[in-house]
S.K.: 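The structure under discussion is supplied below as structure tokens; questions concerning it will follow.
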Amino acid sequence: MNLSKKIFLALGVGFLFGSLFNYLDLFQNKIFLDFIEVPGSIFISSLKMLIVPVVFFSIVSGVTGLSNVSTLGRIGTISVLLYLITTCIAITLALVFSNIIDPGIKKNIMEVETFIKQETPDLKNVIINIVPSNIFKAFSDANMLQVIFFAIIFGITLNLISKKNVKLKEAIFQFNDLFLKMIEVIMYIAPYGVFFLIFKTFLTQGFETIFELGEYFFTVLLVLIIHLFFTYGGLLLILGKINIFKFFSKMKNSMLFAFSTSSSAATIPINLKTVEESLGVKKSVASFTVPLGATINMDGTAIMQGVATVFLANTYGVDLSLADFMSVILVATLASIGTAGVPGVGLIMLTMVLNQVGLPAEGIALIIGIDRILDMTRTAVNVTGDATVSCVVAKIEKKLNLQKLNS
Ligand code: ASP
């Protein structure tokens with residue numbers, strides 16, 4: 001059985017047993033829950049362990065492979081623009097569909113548990129913090145924008161001295177190969193990791209809350225699917241001239257990983273490998289667009305925020321004006337730039353959006369119960385968006401190997 005099938009099977013079995021035991025109210029004690037948390041957490045840590053070295057060595061190898069530094073500027077500009085445009089489309093779709101479906105519940109607002117407000121990032125600091133003042137801290141915090149920045153400068157400088165330092169350049173390529181191979185090694189435990197992550201999620205979640213918040217849940221799901229197939233499908237087809245069936249079938253592993261871990265950051269190593277080796281994007285583009293996307297591009301998250309805003313406005317009986325909708329689009333797009341792709345961060349960013357339109361952040365407590373499951377699905381969309389933009393940029397820059405993609 002190939003790895004994708006094993007992972008898919010693990011996901012299905014984890015889901016079945018988790019839901020069944022939840023329904024029968026079995027194994028709900030702390031000792032058992034702690035016990036099954038161990039393999040899943042080890043799996044996520046082993047993925048996270050690879051993020052910084054994989055990103056660093058890929059970017060340096062990619063940049064040293066570019067003949068011209070201005071190409072990098074162009075790749076950067078097109079990717080950032082595409083990331084911003086797709087996020088704006090995502091949130092607009094969310095607002096349009098949630099206005100049509102009009103989700104909301106009648107619940108005594110006083111009943112909800114209190115949601116603890118968290119600090120939200122502010123854009124000025126996000127921009128200043130792109131440049132690390134201490135590279136060791138940037139590496140140890142796995143601060144992606146800082147690691148990307150340093151890797152680019154490192155690659156450019158290495159190019160300048162590469163005639164004298166051929167060995168250093170070769171060593172970088174070898175380290176890059178080593179860490180890409182390490183991803184394959186970690187993939188062997190993936191089916192077990194995925195099983196335990198999914199099993200625990202469904203063992204502790206249950207389905208009652210989904211039905212209670214059905215309108216909200218299914219509106220988010222519907223818009224995620226529309227965005228996946230129409231926005232990404234359209235971009236791939238029109239700008240990339242890419243066979244979307246091939247694209248989605250090759251994205252299986254990345255999407256499954258994102259779904260199981262709920263973290264686009266933890267999925268960077270796998271997504272980078274998929275985009276380079278299966279989708280045929282050259283390293284000079286993929287090494288840069290994929291980690292950048294995992295940090296600044298979160299379309300699925302923006303969709304949840306759009307639907308949640310309308311849902312909470314309906315629930316609190318607040319009318320949102322066109323100006324409110326415009327500011328939701330702006331704030332949700334900006335908020336996605338400033339936050340790393342880790343589980344549940346979308347809800348923290350939602351406080352920013354709600355503040356903007358005068359809705360109480362405490363409303364988040366209403367939807368927190370089903371957020372874990374939505375987080376899984378929106379993270380799968382987030383990483384697909386990164387791969388889509390990567391393919392389109394590669395196509396525009398003539399750095400896409402269509403033969404590899406279509407093989
Ligand atoms: N978990 C998402 C991601 O990693 C972010 C979120 O929506 O909470 O992309």
Side-chain angles (χ1 to χ4, degrees), residues 40-41 43-45 47-48 50-51 55 83 86-87 90-91 93-94 115-121 126 142-145 194 197-198 201 205 216-217 219-221 223-224 227-228 232 251 254-272 274-275 289-309 311 328 331-354 361 364-365 367-390:
S41 299
F43 171 58
I44 293 200
S45 299
L47 287 174
K48 283 190 179 162
L50 293 181
I51 300 174
V55 170
Y83 282 140
T86 49
T87 308
I91 179 115
L93 283 175
F115 178 76
I116 300 150
K117 274 195 209 168
Q118 308 242 7
E119 282 290 302
T120 46
V126 170
N143 184 322
M144 259 325 106
L145 292 182
V194 167
L197 284 174
I198 300 289
T201 303
Q205 286 287 316
Y216 164 70
F217 184 85
T219 309
V220 176
L221 223 52
V223 185
L224 287 176
H227 190 62
L228 197 68
Y232 296 156
M251 277 300 290
S254 291
M255 291 174 86
L256 284 174
F257 268 80
F259 184 82
S260 324
T261 59
S262 291
S263 166
S264 25
T267 313
I268 293 175
I270 311 297
N271 209 20
L272 201 53
T274 307
V275 170
T289 46
V290 171
L292 182 71
T295 318
I296 70 167
N297 181 53
M298 291 180 196
D299 297 352
T301 306
I303 287 171
M304 174 280 282
Q305 291 171 345
V307 179
T309 308
F311 170 79
V328 170
V331 176
T333 308
L334 294 181
S336 73
I337 301 176
T339 25
V342 292
V345 75
L347 274 192
I348 298 169
M349 286 145 63
L350 182 60
T351 51
M352 242 176 157
V353 179
L354 295 180
I364 289 176
I367 52 176
I368 206 165
I370 52 164
D371 196 64
R372 174 72 194 173
I373 297 172
L374 283 178
D375 197 1
M376 295 157 92
T377 45
R378 67 183 183 245
T379 309
V381 172
N382 289 348
V383 303
T384 312
D386 304 339
T388 302
V389 168
S390 200

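Indexing begins at 1, ligand by ligand and atom by atom, following the structure's order.
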S.K.: Taking atom types as modelled, find out whether Asp386 and Ser390 have a side-chain donor-acceptor pair closer than 3.5 angstrom.
M.R.: no
S.K.: With a 4.0 Å heavy-atom cut-off, what residues sit around ligand 1?
M.R.: Ser262, Ser263, Ser264, Thr301, Gly341, Val342, Pro343, Gly344, Val345, Gly346, Asp375, Arg378, Thr379, Asn382
S.K.: For the OG1 atom of Thr384 and the CG atom of Asp299, what is their distance to the nearest 0.5 Å?
M.R.: 10.0 Å
S.K.: What is the distance from atom CD1 of Ile303 to atom CG of Asn382, rounded to the nearest 0.5 Å?
M.R.: 8.5 Å
S.K.: Could you work out, with side-chain contact (heavy atoms from CB on, under 4.5 Å) as the rule, every residue matching Val331, not counting sequence neighbours?
M.R.: Met352, Val353, Gln356
S.K.: Can you check whether Phe259 reaches Val194 side chain to side chain, under 4.5 Å on heavy atoms?
M.R.: no
S.K.: Would you say Tyr216 and Met304 make side-chain contact, with heavy atoms under 4.5 Å?
M.R.: yes
